[in-house]
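So that the names make sense, note that chain A is the first sequence line, chain B the second, and so on, each numbered from 1.
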There are 2 protein chains.
Amino acid sequence: MSYSISEFGQKVGLTPHTLRYYEKEGLLPFVHRSSSGLRVFTEKDIEWLVIITCLKNTGMSVKQIKVFIDWCMAGDSTLEQRYHFFVDHKKVVQAQIKKLEACMDKINYKIEYYRKALTQTTSERQAHERTCLEMEKKKLIGE
Amino acid sequence: MSYSISEFGQKVGLTPHTLRYYEKEGLLPFVHRSSSGLRVFTEKDIEWLVIITCLKNTGMSVKQIKVFIDWCMAGDSTLEQRYHFFVDHKKVVQAQIKKLEACMDKINYKIEYYRKALTQTTSERQAHERTCLEMEKKKLIGE
DNA sequence: ACTTGACTTAAAGTTAACTCTAAGTTGTAG
DNA sequence: CTACAACTTAGAGTTAACTTTAAGTCAAGT
């Protein structure tokens, strides 16, 4: 089974434009051409795009991804580099997740804050303020 | 306690340049000025920058953050909008975390794949290939 | 008084990753 | 056989978020 650039684009969620751009940047050296010069994409290329998309989604630049692709093309002599590439990138992604989770905590706090502010009417909030003031006064008096 | 633009930049992890840029974009309408026109940052401003940084870290654009800041400046009439703003953004961040975790799975798979490829010598891999071929043959014969 | 360093502004420059344009070729449906 | 959509290329344009530059002001130290 083979695909044209737009069929393939649909499959992997990229436009033909972006695929040509990726090819120009050296990310797709494995893509074949038809006798008339059209790009012919295969099932195997989907797997390549899955990993490229994964790296892209985790913030890796096109240049860095190219380094990995070049290693893949170079054959078994680069297995160790590729291993370390993923081990290093795993750390980056772990840090990203941790950062997002810390932000999530702040967002949850804000949601709780605004939820309370909304369920409480203005007069209730003012009443609460008055109660607090009363208690402060009593403390000061020594009661 | 108040801070100059560079002291404050150190505190919140941004350069004076970036702080001025944020102000120009309308993200910091709460920052005061000294009699000579210098920006004077306070402790309270740190809290503002914490939430701005949180929104920025979770992929929100400067323009979107400005919408939130404008609501804050407008007072209590925007409490409900602000509540929904965070509820909506929470969904975005949850999706981001989910996506990163899916990528993490692929990265872990790759690490495992390359680890195996490295611990196995080439001859071992070739032997494994031969064994598989033998088994295929036996199946075909009907053994 | 003078130098130094931090501040001010407006505006131009940078970078990555697309995204689009223009000009031309190819292949299939009517 | 002709229209028309989809493909090809090189190269220019776009966008966001900074980042730097240029030209100038201000306040503190020697």
Taking atom [atom2] of [N] as reference, at what distance in whole Å does atom [atom1] of [X] sit?
X: Phe8(A); N: dA6(D); atom1: CZ; atom2: P; value: 19 Å
X: Leu19(B); N: dA17(D); atom1: CG; atom2: C1'; value: 14 Å
X: Arg20(A); N: dT9(D); atom1: CZ; atom2: C1'; value: 9 Å
X: Tyr3(B); N: dC7(C); atom1: OH; atom2: P; value: 15 Å

Looking at residues at least two apart in the chain, or sitting in another chain, which of them share a ring-ring contact (aromatic ring centres under 6.0 Å, His included) with Tyr113(B)?
none
Under the salt bridge (Lys or Arg N to Asp or Glu O under 4.0 Å) rule, collect the residues that match up with Lys66(B), sequence neighbours excluded.
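Listed in chain order: Asp70(B).
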Kindly write out the residues that satisfy salt bridge (Lys or Arg N to Asp or Glu O under 4.0 Å) with Arg39(B), not counting sequence neighbours, or none if the list is empty.
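With sequence neighbours excluded, Arg39(B) shows a salt bridge (Lys or Arg N to Asp or Glu O under 4.0 Å) to Glu23(B), given in chain and number order.
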Quiz: residues 85-107 of chain A side-chain donor-acceptor pairs under 3.5 angstrom, not counting sequence neighbours:
unit_1   : atom_1 : unit_2    : atom_2 : d
His89(A) : NE2    : Thr58(A)  : OG1    : 2.7
Lys90(A) : NZ     : Asn108(B) : OD1    : 2.7
Gln96(A) : NE2    : Thr58(A)  : O      : 2.9

Test: side-chain hydrogen bond (donor to acceptor under 3.5 Å, both in side chains). Region: residues 1-10 of chain A. Which pairs qualify, not counting sequence neighbours?
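For residues 1-10 of chain A: Tyr3(A)-Glu43(A).
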Closer than 4.0 angstrom, basic N to acidic O: yes or no for Arg115(A) and Glu112(A)?
yes
Counting only non-hydrogen atoms, which of residues 29-44 of chain B are less than 4.0 Å from DNA chain D?
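Listed by number, they are Ser36(B).
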Any pair with a residue in residues 36-64 of chain A that passes ring pair (Phe, Tyr, Trp, His ring centres under 6.0 Å), sequence neighbours left out, goes on the list, sorted by first then second residue, please.
Phe8(A)-Phe41(A), Phe30(A)-Trp48(A)
Listed by chain and number, what are the side chain to side chain contact (heavy atoms under 4.5 Å, CB included) partners of Ser77(A), not counting sequence neighbours?
none
Do nucleotides 10-21 of chain C as a string where each nucleotide becomes B, S or -: B if the base has a protein heavy atom under 4.0 Å, S if just the sugar-phosphate does, - if no protein is that close.
-------BBBBB
